[in-house]
Amino acid sequence: MINAISSFLFLPFFLTGQPVVANTLKPLASPGSGQYLASREFSLEKRYDNSFVNEVFKDNILLTIKYLSGEEIDPRKVDFEKIRKPFEYKFVLKSGETFAFHDDVLPELEGKITKTTNAHFNARDGFKSDGSLMGDGVCHLASLLYWVARDAGLETKTRVNHNFANIPEVPKEYGVSIYATPGKQYSDQLQNLYITNNKNREIAFEFNYDGQNLKITAI
């Protein structure tokens with residue numbers, strides 16, 4: 001997550017203007033079959049080298065997945081102790097369906113999004129700040145998801161890379177910048193992640209958190 005000033009500084013340098021489509025295909029399997037197209041993971045204990053900031057990143061990542069799952073969240077009193085407990089969750093994209101990380105999408109995708117995280121990564125949604133940025137950490141989650149989608153051979157689109165800042169355990173080419181704030185529609189649309197199921201069957205994304213590591217698997 002970057003603030004408006006950072007967006008202004010970095011935005012012109014990282015626009016690709018074209019969808020980024022993975023060309024590495026893995027053997028197809030049916031959701032729930034035990035086989036998978038791609039799987040990646042990282043530690044939520046290694047998001048940042050400062051323990052306080054790391055906890056902010058960790059909690060914001062886990063809170064985003066809870067919103068994605070549709071779990072009821074009271075943003076005025078988020079129970080982070082509960083959110084930090086191990087869990088499994090999955091969502092499914094049918095053939096031709098598109099996921100967007102947040103709901104402020106590019107004009108050509110208006111009305112075509114079937115799934116989002118349902119979050120805007122701000123204080124009103126109960127997200128944490130590390131003292132300078134609200135919602136820090138969600139870019140790490142988006143980047144891990146992007147990496148898996150690319151590996152799985154799905155159609156992906158992201159316009160602003162996160163290579164201006166390191167994302168531990170994720171190669172720089174998979175870094176995704178996420179930004180969602182009222183009144184910043186153009187910046188929001190570009191700083192988003194779009195994944196389209198270009199297969200002729202359903203694709204499931206499974207999230208597994210064991211209390212330390214987060215794994216995302218496409219099957």
Side-chain angles (χ1 to χ4, degrees), residues 1 11 14-33 35-42 61 64-70 89-121 138-163 167 170-180 184-208 214-219:
M1 178 71 78
L11 190 57
F14 298 108
L15 296 181
T16 66
Q18 297 294 331
V20 180
V21 181
N23 55 19
T24 303
L25 301 179
K26 302 292 192 302
L28 294 179
S30 299
S33 68
Q35 298 177 327
Y36 61 87
L37 298 172
S39 186
R40 297 289 180 180
E41 67 179 281
F42 59 38
I61 288 169
T64 302
I65 299 172
K66 294 299 183 180
Y67 272 110
L68 173 64
S69 73
Y89 163 70
K90 76 174 180 180
F91 74 86
V92 174
L93 289 180
K94 295 180 180 179
S95 181
E97 290 186 338
T98 299
F99 163 88
F101 204 80
H102 60 74
D103 58 10
D104 208 347
V105 303
L106 294 167
E108 63 265 30
L109 293 174
E110 284 287 348
K112 299 179 181 180
I113 304 300
T114 56
K115 184 72 174 176
T116 79
T117 60
N118 307 298
H120 299 94
F121 327 115
V138 300
C139 296
H140 292 215
L141 175 59
S143 300
L144 186 63
L145 182 58
Y146 177 51
W147 191 5
V148 172
R150 288 279 304 274
D151 278 359
L154 301 179
E155 181 181 336
T156 58
K157 181 184 293 187
T158 178
R159 297 288 181 84
V160 184
N161 193 283
H162 202 280
N163 56 15
I167 296 180
V170 176
K172 282 193 173 183
E173 61 265 34
Y174 300 108
V176 178
S177 180
I178 297 296
Y179 190 72
K184 301 290 184 180
Q185 186 177 37
Y186 179 72
S187 181
D188 290 0
Q189 292 169 350
L190 295 175
Q191 295 183 83
N192 204 340
L193 168 64
Y194 309 94
I195 300 171
T196 298
N197 179 4
N198 56 355
K199 310 301 181 185
N200 59 4
R201 65 166 182 85
E202 293 182 344
I203 299 293
F205 286 91
E206 293 187 344
F207 296 73
N208 184 293
L214 175 66
K215 177 188 289 186
I216 303 178
T217 302
I219 63 173

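We number each residue from 1, following the sequence as shown. As the structure is a prediction and not an experimental result, all values here were calculated from the model.
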Can you find a heavy atom in the side chain of R40 that is under 4.5 Å from one in the side chain of L144?
-> yes
Check: K215 and S39 side chains under 4.5 Å, non-hydrogen atoms = yes
OH on Y146 to CD1 on I178, rounded to 0.5 Å | 11.0 Å
K157 and E108 ion-paired at < 4.0 Å | yes
Would you tell me whether H120 and D103 have side-chain atoms, one donor and one acceptor, within less than 3.5 Å of each other?
-> yes
Any donor and acceptor pair, going by atom type alone, linking the side chain of T114 with main-chain N or O of T98 inside 3.5 Å?
-> yes
Closest non-hydrogen atom pair, Q191 against S177 = OE1-OG, 2.6 Å
Whether D188 side chain and D104 backbone form a donor-acceptor pair below 3.5 Å = no
Gap separating the SG atom of C139 from the CD1 atom of I167, nearest 0.5 angstrom = 6.5 Å
Identify the two heavy atoms, one from Y89 and one from L68, that lie closest to each other, and give their separation to 0.1 Å.
-> OH-O, 3.2 Å
What pair of heavy atoms forms the shortest contact from L93 to N197, and how long is it?
-> O-ND2, 2.9 Å
Can you tell me how far NZ of K112 sits from OG1 of T196, rounded to the nearest 0.5 angstrom?
-> 9.5 Å
How many angstroms lie between NZ in K90 and CD1 in I203, if you round to the nearest 0.5 Å?
-> 11.5 Å
With rounding to the nearest 0.5 Å, note down the distance linking CG in L37 to OG1 in T217.
-> 10.0 Å
Can you find a heavy atom in the side chain of L214 that is under 4.5 Å from one in the side chain of I65?
-> yes
Using the ring of each side chain (for Trp, its six-membered ring), is H140 parallel, tilted or perpendicular to H162, with breaks at 30° and 60°?
-> perpendicular
L106 versus L190: any side-chain heavy-atom pair under 4.5 Å?
-> yes
Do the non-hydrogen side-chain atoms of I216 and E206 ever get within less than 4.5 Å of each other?
-> no
If you look at every heavy atom in T156 and A149, which pair is closest and at what distance?
-> CG2-CB, 3.7 Å
Do the non-hydrogen side-chain atoms of D151 and Y174 ever get within less than 4.5 Å of each other?
-> yes
dist F99:CZ -> N192:CG (nearest 0.5 Å) comes out at 8.0 Å
Closest non-hydrogen atom pair between Q189 and P107, with its separation | OE1-CD, 3.8 Å
Close side-chain approach of S69 and F207, heavy atoms under 4.5 Å = no
Pick from Y179, F121, Y194: which one makes a ring pair (Phe, Tyr, Trp, His ring centres under 6.0 Å) with F101?
-> F121
Heavy-atom closest pair, residues A38 and A152 = CB-N, 3.7 Å
Do V176 and L145 have side chains that get closer than 4.5 Å, going by heavy atoms?
-> no
